[in-house]
Amino acid sequence: MNSPISRLFLTVAVTFSALLVSAARATEPRIEMGPLAVRLGDPPRAPDRLAASNSVIVAPRLLSATGGFSVNTASRESVLNFFHAIFGTSDGVSMESTADVANCIAGSTSLSYQEAVLRRINWFRAMAGIPASVTSDDGNHLKCQETALMLSAENSLSHFPPPDWACFSEDGALGAKNSNIAIGSAGPDAITAYMLDYGANNAVVGHRRWLLYPQTQFMATGDVPAQSNRSRANAVWVFDDHFGGPRPSVRDEFIAWPPKGFVPYTTVFPRWSFSMPDADFSGAMVTMRSNGVVVPVSLEPYEPGSGENTLVWYPAGFDNNVPVAWPRPVQDTVFQITVASVLSAPASTYSYSVTVFDPAVPGSDTPLPSIRGPSKPAVGQGNAYSFPAVAGASSYEWRSSRRQAFSLSDGAENGTANFDVDASIGSYSVIADHPVAAGSKTFHLAHPGPPVSQSLTLRQDFIPGASTVLTFKSRLSWASDNQRALVEISADDGASWTVVYSQAGTGEAGEINFLSREVSLAGQASRSTRIRFRYFYDNFGSYFPQTDPGVGWYIDSIAITGVEIGVDAVSSIVATPTFAFIPPQLGEYQLEARSLIFGAFPLEWGPVLRVTAVTGGTTSPVIWMGLPILSADLLQLPFNLLSGTAGTFHLQKASAVGGLWGDDSSAGLQTIVAGSSFRFTLPRPVAPKFFRVQAE
């Protein structure tokens with residue numbers, strides 16, 4: 001099970017009248033507006049090509065695991081993995097800002113936060129099919145810090161700020177001139193906001209066009225957090241001395257967003273765009289169909305000048321003046337796009353398809369690394385195991401651990417002994433003594449201003465069974481509909497999360513008593529699972545800022561029973577989906593595996609294989625494969641079990657000996673002589689294939 005990315009953009013409009021607190025009811029908590037909704041400036045103007053080199057600082061700094069990405073958007077599984085591993089790991093990174101807006105100190109941000117911004121930029125670029133190796137440098141980062149400081153201090157946006165602005169500096173003004181700028185958003189979220197490019201002043205999606213300009217190799221980010229009554233702000237330097245230079249090779253000749261192929265719905269925005277250098281879209285038309293049905297569209301005014309020439313349109317029913325999310329599809333939805341009457345381009349008509357999908361839903365091509373091998377491995381000996389290869393994996397990780405029964409019963413009586421507390425919780429106590437469901441304590445999550453989401457994460461990962469249920473008592477009291485109580489699970493050590501319980505506030509007193517909740521974890525059966533309680537604020541609209549009793553989310557009597565955990569875990573990285581497990585002693589173990597992409601980003605753990613280490617173990621089978629027998633329509637592969645024992649056989653195939661091996665589901669197994677002689681029969685392959693028999 002995979003998680004969608006964090007939902008960055010919801011409708012800004014708030015029905016505030018329903019949430020106002022009556023002055024006559026002085027005992028009720030007050031409600032406040034959160035940080036200003038994201039505001040984007042106009043896109044920066046294209047620089048003069050000859051002067052562009054003056055905007056680049058030398059000594060670019062290549063950060064770790066931020067780029068060099070590519071992805072096959074024709075493969076749902078490849079895009080799904082790419083989304084969770086790259087986009088997902090750019091969420092939730094701590095800014096660790098040293099800025100002080102009140103005293104005009106721009107400060108800096110953590111290296112990991114800057115890396116997260118670059119990963120987000122390069123994710124969008126790789127999906128669009130353009131070079132995705134943008135790097136950063138310290139000089140432009142510091143200038144962008146000065147820019148973000150000015151934007152937050154002045155609470156205004158301008159690419160040409162006057163000297164009388166609060167916290168004005170020449171470096172900040174230079175950064176404003178050369179950057180995408182935003183208030184109310186920062187870091188990776190700001191990159192997504194620029195790709196969204198909402199508002200009447202952004203009909204030409206200029207911010208998006210600069211982020212997806214193929215020639216650009218260097219960018220930099222500056223970010224300050226929300227402080228006191230000042231909103232967070234961002235500036236992303238988007239020009240370098242490659243502006244106007246030779247266009248590098250791109251995947252599709254054109255650059256579209258959303259791009260051709262599979263795209264997570266959370267990164268599909270109302271404004272669609274199609275770019276080509278020097279093309280004339282002044283008379284171009286767009287036809288958009290879904291399942292053969294025409295989707296009415298409106299064209300935005302055509303305006304060259306930002307990045308490459310671009311045609312922009314949006315489907316009927318969307319309001320582009322507010323940041324809205326693309327609706328979550330019930331099933332994968334295909335849109336056929338035709339852009340016609342294009343002038344000054346290699347062709348006058350271009351057609352492509354976009355498949356919008358929910359990244360929380362595995363596809364039919366999603367392989368889980370389910371381990372196969374002996375159920376009774378021999379102690380002190382190498383026991384061979386394998387699992388299906390994953391397309392795009394650069395390596396694999398497997399781990400073994402000893403099985404141990406586990407249960408949880410926590411009502412906050414022992415504080416946070418079982419939980420990791422979100423680092424942003426510090427201005428109030430997460431342990432409260434009123435109200436409680438049982439005992440004398442309860443967990444309490446709130447949103448003191450400036451509000452950020454707060455979470456409690458269970459320290460112990462566990463393995464649910466088919467009937468495992470999480471139970472807890474919950475009371476969501478004074479909370480706006482922008483504040484939500486969530487329970488989330490992760491199968492990849494917290495890199496991505498899936499919501500399994502969600503409750504929004506009512507804008508009023510809400511629940512006055514604790515209510516019992518049950519969350520089934522059957523979908524995670526036999527999978528390593530991490531769980532957290534998160535009080536979510538979506539960065540827009542109103543919220544209750546109090547931490548007083550009765551305000552926010554209370555959680556008590558948390559219980560999980562009948563599950564297992566792994567202890568004394570040992571893990572290893574391997575180049576191929578095979579490994580040898582050497583049990584150090586007798587007992588019950590569990591084995592699990594996962595893929596890594598781009599050498600650094602792990603995907604989800606597959607289901608555990610439970611084994612019992614014994615003395616001697618199961619004798620390893622020895623198989624002899626005979627000569628294949630070909631007919632007009634069939635291929636027969638006879639083989640003998642020369643020694644050892646095997647419970648099941650699997651026929652695997654690959655296009656090359658060193659390629660990806662996977663089970664051939666078309667093969668049928670026949671027993672010729674019980675316990676000795678067997679034969680696989682399958683349709684005759686059209687192209688040459690390699691085959692092998694795997695025994696368990």
Side-chain angles (χ1 to χ4, degrees), residues 6 29-32 34-35 91-96 225-227 407-462 470-480 482-490 494 497 499-505 509-517 519 529-539 543-560:
S6 60
R30 71 187 184 280
I31 191 167
E32 295 182 354
D91 270 333
V93 179
S94 176
M95 185 186 296
E96 299 178 26
Q227 296 181 354
S407 63
L408 173 73
S409 180
D410 196 331
E413 304 303 318
N414 295 318
T416 58
N418 290 316
F419 290 90
D420 288 324
V421 180
D422 194 296
S424 63
I425 298 175
S427 59
Y428 68 99
S429 175
V430 74
I431 305 298
D433 54 16
H434 178 75
V436 298
S440 60
K441 302 293 181 182
T442 187
F443 294 108
H444 179 212
L445 296 178
H447 284 145
V452 294
S453 296
Q454 318 268 258
S455 65
L456 292 170
T457 303
L458 184 64
R459 290 191 179 128
Q460 179 63 65
D461 292 0
F462 58 91
L470 162 71
T471 62
F472 61 98
K473 294 185 183 297
S474 172
R475 174 178 166 177
L476 184 60
S477 298
W478 288 96
S480 76
N482 301 299
Q483 297 171 288
R484 288 190 292 141
L486 305 177
V487 178
E488 300 173 311
I489 57 174
S490 173
W497 295 87
V499 176
V500 292
Y501 172 84
S502 178
Q503 180 186 359
E511 296 165 345
I512 59 174
N513 296 306
F514 280 86
L515 298 178
S516 296
R517 312 291 187 188
V519 178
T529 300
R530 185 169 297 181
I531 195 164
R532 74 178 179 185
F533 297 85
R534 187 159 72 113
Y535 193 35
F536 177 76
Y537 178 69
D538 61 19
N539 293 323
Y543 71 102
F544 288 95
Q546 289 78 16
T547 60
D548 302 332
V551 181
W553 188 25
Y554 290 86
I555 312 148
D556 207 340
S557 303
I558 302 168
I560 305 170

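As a basis for the values below, the full set of heavy atoms in this structure was taken, side chains included, without hydrogen atoms, waters or symmetry mates. Numbers here simply count residues along the sequence, with the first being 1.
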**OP:** Check side chain to side chain contact (heavy atoms under 4.5 Å, CB included) between V436 and all other residues, then give those that pass, not counting sequence neighbours.
**Re:** T442, D556

**OP:** Applying ring pair (Phe, Tyr, Trp, His ring centres under 6.0 Å), name anything that partners Y535, two or more places apart in sequence or on another chain.
**Re:** H447

Subject >> side-chain hydrogen bond (donor to acceptor under 3.5 Å, both in side chains) partners of T457, counting only residues at least two apart >> reply: none

Subject >> ring pair (Phe, Tyr, Trp, His ring centres under 6.0 Å) partners for F514, two or more places apart >> reply: none

Original post:
Which residues satisfy the side chain to side chain contact (heavy atoms under 4.5 Å, CB included) test with S429, sequence neighbours excluded?
Top reply: I431

Original post:
With sequence neighbours left out, which residue pairs that include part of residues 408-417 fulfil the side-chain hydrogen bond (donor to acceptor under 3.5 Å, both in side chains) condition?
Top reply: D410-N418, E413-S440

Subject >> Partner residues of R475 under the salt bridge (Lys or Arg N to Asp or Glu O under 4.0 Å) criterion, sequence neighbours left out >> reply: none

**OP:** Tell me, please, which residues at least two apart from D433 pass salt bridge (Lys or Arg N to Asp or Glu O under 4.0 Å).
**Re:** none

Original post:
Given side chains that start at C-beta, do those of S474 and L515 come closer than 4.5 Å, heavy atoms only?
Top reply: no

Original post:
Listed by chain and number, what are the side-chain hydrogen bond (donor to acceptor under 3.5 Å, both in side chains) partners of R517, not counting sequence neighbours?
Top reply: Y501, Q503, E511

Original post:
By ring pair (Phe, Tyr, Trp, His ring centres under 6.0 Å), which residues pair with F419, not counting sequence neighbours?
Top reply: F443

Original post:
side chain to side chain contact (heavy atoms under 4.5 Å, CB included) with S502: which residues, sequence neighbours excluded?
Top reply: R484, L486, V499

Subject >> Sequence-distant partners of E488, salt bridge (Lys or Arg N to Asp or Glu O under 4.0 Å), two or more places apart >> reply: R532, R534

